[in-house]
Amino acid sequence: MTPLPSARGRTRLILFNALTAYAVWFVLVVGAARGSTLFPAIIALGTLAIHIATAPEWRSEAVRILALSFLGTVFDTLLIHAGAYTPVGYNGVLCPFWITLLWANFATTWNLSLGWLQGRPVIAGTVGLVAAPISYGAAARLGAAQVHDPELLAYGVLAVAWAVLLAGLAAVAKARSVQVATVAVSAICVCATTSMAATRVVAGVPFAESLEIHGVKFRLQGAGVLRYRVVFQGYAAALYLAEGVHSSRVLEDVPKRLEIHYFWTIPADAFGKAAGELLEKNIPPEQLRAIRSRVDELHRAYETVQPGDRYALTYVPGIGTELTLNNVVKARIPGADFAAAYYAIWLGERPISSSLKQALLGR
């Protein structure tokens, strides 16, 4: 057992702990943003080893760090599946390892620089309410994560979730069974994560992580929101690609599916007009003339949509581009050339929205 430090020594230890925790957070976040996580992980793990080795009750401290790391992993996974944000390195199931290390780093502060929150759930909740948007916002600005539209709602979800979590941790911190309580909360989070893992939620709209259509297995590549005049949400959209197809091949002759969930009533004739203008921007005139009759055929199939309706365009080689409204087939247009041209509306060089394009491609 390491001897307990004096009052002055503990003050220095708390200050050192706070500075070290901030430094490790910065190293991990910047490393993730730059796509280099190995060296930051070594630094974080080394710092954890030193922290545990020098703790007065190192076994208890190690258990606490493991418990909070587990809790944090499922907690952030829940936030990701809820559509609040997406971190760099996300594999579609669990949050990346660098976020688990952030939680382990956070755990080192719980008995030191954040020890004053223990037994004070109201204060701890207030700290979470304020600190969470700042922390996630900083990570987003550094390039390690993307906070999803509408950002105000996403930051609100992050703030409230952290307020509840910190308040709960502070309330049980003085209990002798704090590790048991932490693991129990983690188990609840795991159950919730399992139930949500099959879908991804964007702006309150769920999209399945995987689909099988015409014998082809599709995986969700990315999802986002089209904004109208910056403020208003037009629709939520999701792009699916066949398993093993890289996003760089999206306009090639490969299976793909685009789902669009509408928030507003849109008349049938508006679809053809908007699509026609975007096709002219992305497709050479001679190529557009070659597919004009097929474009007109698709546009005649569009119907007026109401809030909550969902159109989908699914292209499978040999079958063509299939238009469905709420899973009811409305048209089927042949040709890989037609598919490449029409998907360019969202994924071409001059798409309807550059930010939506990036979101659909999972970038």
Side-chain angles (χ1 to χ4, degrees), residues 1-29 31 37 39-78 94-128 130-132 135 161-190:
M1 179 184 296
T2 304
L4 293 174
S6 63
R8 175 178 290 182
R10 182 168 177 79
T11 299
R12 292 176 178 173
L13 183 61
I14 289 173
L15 180 61
F16 178 78
N17 172 253
L19 294 174
T20 302
Y22 280 118
V24 171
W25 180 93
F26 184 79
V27 168
L28 285 170
V29 170
T37 56
F39 185 63
I42 292 173
I43 293 177
L45 290 171
T47 304
L48 282 173
I50 295 173
H51 173 84
I52 293 172
T54 57
E57 297 287 345
W58 70 269
R59 290 185 180 85
S60 176
E61 185 69 5
V63 171
R64 181 181 295 106
I65 289 173
L66 286 173
L68 281 174
S69 299
F70 178 67
L71 170 63
T73 297
V74 293
F75 176 77
D76 261 286
T77 299
L78 275 174
L94 290 174
C95 67
F97 183 60
W98 65 270
I99 289 184
T100 300
L101 289 177
L102 284 178
W103 275 96
N105 180 56
F106 166 79
T108 65
T109 68
W110 195 240
N111 275 352
L112 290 171
S113 53
L114 292 181
W116 58 280
L117 294 177
Q118 296 185 16
R120 298 171 176 170
V122 175
I123 297 176
T126 303
V127 170
V130 175
S135 179
W162 266 88
V164 172
L165 180 68
L166 285 190
L169 289 175
V172 303
K174 294 297 184 181
R176 296 175 65 182
S177 58
V178 61
Q179 280 82 16
V180 175
T182 302
V183 172
V185 173
S186 300
I188 295 173
C189 290
V190 168

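As the structure is a prediction and not an experimental result, all values here were calculated from the model. Residue indices begin at 1 and follow the sequence shown.
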Side-chain contact, heavy-atom cut-off 4.5 Å: Thr11 with Leu15? no
What closest approach, in Å, do Leu68 and Ala107 show between heavy atoms, and which atom pair accounts for it? CD1-CB, 3.6 Å
Rounded distance [0.5 Å steps], CG in Asp76 versus CG in Leu71: 9.5 Å
Quick one, His51 and Leu112 - any side-chain contact, counting heavy atoms below 4.5 Å? yes
With Thr108 via side chain to side chain donor-acceptor pair (under 3.5 Å) - residues at least two apart: none
Thr20 side-chain N/O to Phe16 backbone N/O, donor-acceptor pair under 3.5 Å: yes
First locate atom CD1 of Ile52, then atom CD1 of Ile65, and finally report the distance between them rounded to the nearest 0.5 Å. 4.0 Å
Just checking Phe75 against Trp162, ring centres under 6.0 Å apart? yes
With a 4.5 Å limit on heavy-atom distance, are the side chains of Thr37 and Phe97 in contact? no
What pairs with Ser113 under side chain to side chain donor-acceptor pair (under 3.5 Å), at least two apart in sequence or on another chain? Asn17
Residue pair Ala170 / Leu117: nearest heavy atoms and the distance that separates them: CB-O, 3.3 Å
On a heavy-atom basis, which atom in Ala44 and which in Leu101 lie closest, and how many Å separate them? CB-CD1, 4.3 Å
How long is the gap from CZ on Arg64 to CG on Asn111, to the nearest 0.5 Å? 4.0 Å
Looking at every non-hydrogen atom in both residues, tell me the closest pair between Pro40 and Leu28 and how far apart they are. O-CD2, 3.7 Å
Residues which pass ring pair (Phe, Tyr, Trp, His ring centres under 6.0 Å) with Trp98, listed by chain and number, not counting sequence neighbours: none
Starting at CG of Leu48, measure out to OG of Ser69 and round the result to the nearest 0.5 Å. 7.0 Å
Passes side chain to side chain contact (heavy atoms under 4.5 Å, CB included), Leu169 versus Gln118? Steps please. CA-CA 8 Å; Leu169 289 175; Gln118 296 185 16; over 6 Å; no
Do any N or O atoms from the side chain of Trp103 and from the backbone of Gly72 form a donor-acceptor pair under 3.5 angstrom? yes
For the pair Trp110 and Phe106, name the ring-plane relationship: parallel under 30°, tilted 30 to 60°, perpendicular over 60°. tilted
Just by distance, with hydrogens left out, do Thr73 and Thr100 show a side-chain donor and acceptor under 3.5 Å apart? yes
